[in-house]
Novice: 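Sharing a structure with you now.
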Amino acid sequence: MRPERYRGWHRPMLVCAGVMTVLAAGSAVGLALDDRTITGAPAWLKPFKFAVSIAAYSLTWAWLVSLLRTRLRLAHRISTAIVAVFGVEYAIIVVQVIRGTSSHFNVSTPLNSTLFAVMGISIAAVWTGTLVLTVLLLRTPIADPAARWAVRLGTLISLAGLALGGLMTNPTESQQRTLDTGGFEGVIGAHSVGVPDGGAGMPITGWSTTGGDLRIPHFVGMHALQALPLLVMAIGLAARRWPRLRDDVVRTRLVLVGGAAYAGVVALVTWQALRGQPLVRPDTLTWAAVAALGAICAAGTAWALRHRATAPGHPEPGDARELAATDAGRG
């Protein structure tokens with residue numbers, strides 16, 4: 001991409017993405033040098049994951065804001081505010097790591113309660129700001145229909161993914177019992193379902209391998225923001241080899257199927273997590289749901305690729321290009 005194409009991108013978001021990339025590298029160094037654990041996980045794992053996620057979010061929205069044609073001042077102000085909120089949230093996470101305690105669900109002291117409350121407000125502010133930006137984006141004309149639907153579906157599913165994080169703030173059954181009996185232990189909320197936080201987890205992500213994990217639908221949903229635009233890019237690259245994919249209608253259908261499939265995956269991993277089931281150990285019911293989703297996606301893809309009716313004497317878009325090339329060769 002040529003440098004001039006970046007000029008319309010939201011600069012504070014770009015700066016945020018760059019800073020978070022550097023902080024992710026710093027957190028990786030912390031993972032290598034600091035052997036402390038917090039709630040069963042390496043102390044610097046959470047700063048690393050949050051830095052990577054915020055960098056991806058910021059870079060994507062820096063581009064998406066450049067697509068807007070109206071209410072630009074409002075969009076830029078909201079985007080800048082989101083960057084500031086990210087700064088506050090990330091600073092709290094790092095401070096708590098330095099203090100050797102958890103940042104999320106920690107209400108064990110007045111200071112920890114205040115910091116967690118600030119983080120809760122920050123998350124709500126990011127979601128609200130993203131909602132406004134999404135509404136503005138939904139009203140923005142994008143010439144390519146496949147890209148238009150990828151952006152629309154990606155932002156909507158991402159909003160749902162952000163909202164799913166709220167499931168982690170509810171007290172667990174054991175926490176509720178301690179609250180009812182007066183044995184409060186200073187923690188409200190958890191990302192694990194059916195098992196305590198801090199148990200065995202997957203490499204890098206730390207997602208539970210012994211119970212359900214609500215971070216999975218939160219993560220998968222949020223990153224529809226990147227996945228669906230990347231799908232459009234992949235289809236565009238594949239179209240160089242397969243002329244059928246050069247048809248705007250076919251590409252749009254494939255994006256619609258991809259968006260529906262992605263939403264289905266988010267629903268599936270949410271259902272699986274709420275049942276207390278690890279991602280890596282699906283039961284028969286989950287496998288049946290996976291098979292059903294796969295069958296629906298296969299049928300949808302077949303529908304997307306089918307030839308559409310054309311008027312007599314009017315070739316398909318891919319055929320038209322081939323005929324033009326043939327005629328040029330003859331000439």
Novice: Check whether any side-chain heavy atom of Trp61 sits under 4.5 Å from a side-chain heavy atom of Thr155, and report yes or no.
Specialist: yes
Novice: Taking all atoms of both residues into account, what is the closest heavy-atom pair of Lys46 and Ile93, and its distance?
Specialist: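 Result for this residue pair: CG-CG2, 4.1 Å.
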Novice: Within the distance-only criterion (no hydrogens, no angle test), does the side chain of Thr39 pair as donor or acceptor with the backbone N or O of Gly198 below 3.5 angstrom?
Specialist: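 Not a single qualifying donor-acceptor pair exists.
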Novice: Could you give me the CA-CA distance, side-chain angles and deciding distance for Leu254 and Leu305, then say whether side-chain contact (heavy atoms from CB on, under 4.5 Å) is met?
Specialist: CA-CA 8 Å; Leu254 286 172; Leu305 292 173; 4.1 Å; yes
Novice: Hydrophobic clustering (ILVMFWY, side-chain heavy atoms < 4.5 Å, transitive) - are Val126 and Leu74 grouped together?
Specialist: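 Yes; Val126 is reachable from Leu74 via cluster members.
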Novice: Which heavy atom of Ala43 sits nearest to which heavy atom of Val97, and what is that distance?
Specialist: O-CG2, 3.4 Å
Novice: Go through the steps for Phe86 and Tyr57 under the test ring-ring contact (aromatic ring centres under 6.0 Å, His included), then give the verdict.
Specialist: CA-CA 11 Å; Phe86 277 148; Tyr57 175 99; 5.2 Å; yes
Novice: Asp247 versus Arg251: any side-chain heavy-atom pair under 4.5 Å?
Specialist: no
Novice: Over 60° means perpendicular and under 30° means parallel, so tell me whether Trp63 and Trp9 are parallel, tilted or perpendicular.
Specialist: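 Correct class here is tilted.
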Novice: Run the side-chain contact (heavy atoms from CB on, under 4.5 Å) test on Val94 and Trp44 for me, step by step, so that the C-alpha distance in whole Å, both residues' side-chain angles and the decisive distance to 0.1 Å come before the verdict.
Specialist: CA-CA 8 Å; Val94 171; Trp44 290 96; 4.2 Å; yes
Novice: Heavy-atom count around Ile204 CD1 within 6.0 Å, excluding the residue itself: above 12?
Specialist: no
Novice: Is a side-chain N or O of His218 found less than 3.5 angstrom from the main chain of Leu164, in a donor-acceptor match?
Specialist: no
Novice: Passes side chain to side chain donor-acceptor pair (under 3.5 Å), Asp213 versus Ser192? Steps please.
Specialist: CA-CA 4 Å; Asp213 200 316; Ser192 298; 4.5 Å; no
Novice: Do Trp127 and Leu137 belong to the same hydrophobic cluster, where Ile, Leu, Val, Met, Phe, Trp and Tyr are linked whenever their side-chain heavy atoms lie under 4.5 Å apart, directly or via other members?
Specialist: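 No, no single cluster joins them.
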Novice: Taking the side chain as every heavy atom from C-beta outward, state whether Leu256 and Trp149 have any pair of such atoms under 4.5 Å apart.
Specialist: yes
Novice: Going by atom types alone, do Thr169 and His104 pair a side-chain donor with an acceptor below 3.5 Å?
Specialist: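 Checked: Thr169/His104 side chains show no N/O donor-acceptor pair below 3.5 Å.
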Novice: Is the distance from the ring center of Tyr262 to that of His223 below 6.0 Å?
Specialist: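 For Tyr262 and His223, the ring centres are not under 6.0 Å apart.
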Novice: For the backbone of Ser108 and the side chain of Asn106, can you confirm whether one donor and one acceptor N or O come within less than 3.5 Å of each other?
Specialist: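 Yes, because the side chain of Asn106 sits within donor-acceptor range (under 3.5 Å) of the backbone of Ser108.
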Novice: Have a look at Val255 and tell me which of Ile235, Leu228, Asp144, Val151 forms a side chain to side chain contact (heavy atoms under 4.5 Å, CB included) with it.
Specialist: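 Exactly one pass, corresponding to Ile235.
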Novice: Heavy atoms only: give me the nearest Ala273-Leu214 pair and the separation to one decimal.
Specialist: CB-CD2, 4.1 Å
Novice: Whether Arg244 engages the ring of Trp242 as a cation-pi pair (distance to the six-membered ring centre under 6.0 angstrom, angle to the ring normal within 45°) should be assessed.
Specialist: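 Judged by the rule, Arg244 and Trp242 form no cation-pi pair.
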Novice: Looking only at non-hydrogen atoms, find the nearest pair between Leu72 and Leu68 and report the distance.
Specialist: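 Answer, listing the atom of Leu72 first, then Leu68: CD2-O, 3.4 Å.
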Novice: Thr286 vs Gln272, test: side chain to side chain donor-acceptor pair (under 3.5 Å). Steps then yes/no.
Specialist: CA-CA 7 Å; Thr286 301; Gln272 185 180 16; 4.6 Å; no
Novice: Check for me, please, whether Leu138 and Val65 land in the same ILVMFWY cluster - side-chain distances under 4.5 Å, paths through other members count.
Specialist: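 No, no single cluster joins them.
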Novice: Do Gln96 and Thr101 pair up side chain to side chain, a donor and an acceptor below 3.5 Å, judged on atom types alone?
Specialist: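 Not at all, the side chains of Gln96 and Thr101 share no donor-acceptor pair under 3.5 Å.
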Novice: When you compare the side chain of Val290 with that of Pro282, does any pair of heavy atoms fall below 4.5 Å?
Specialist: no
Novice: For residues Cys16 and Ser58, report the shortest heavy-atom separation together with the two atoms involved.
Specialist: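 Smallest interatomic distance, heavy atoms only, reads SG-OG, 3.4 Å.
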Novice: Would you say Val257 and Leu237 are hydrophobically clustered, going by side-chain heavy atoms of ILVMFWY under 4.5 Å?
Specialist: no
Novice: Measure up the Phe219 and Trp207 rings against each other and bin them: parallel (under 30°), tilted (30 to 60°), perpendicular (over 60°).
Specialist: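 Rings of Phe219 and Trp207: perpendicular, over 60°.
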Novice: Are Leu162 and Val135 joined in one hydrophobic group, where the rule is that I, L, V, M, F, W and Y side chains link up if heavy atoms are under 4.5 Å apart?
Specialist: yes
Novice: Should we say atom CE of Met233 is surrounded by more than 12 heavy atoms from elsewhere, each under 6.0 Å from it?
Specialist: no
Novice: With no hydrogens and no angle check, is any side-chain donor or acceptor of Gln277 less than 3.5 Å from a backbone partner on Asp283?
Specialist: yes
Novice: Measure across Glu89 and Ser122 and return the closest heavy-atom pair with its distance rounded to 0.1 Å.
Specialist: CB-CB, 4.5 Å
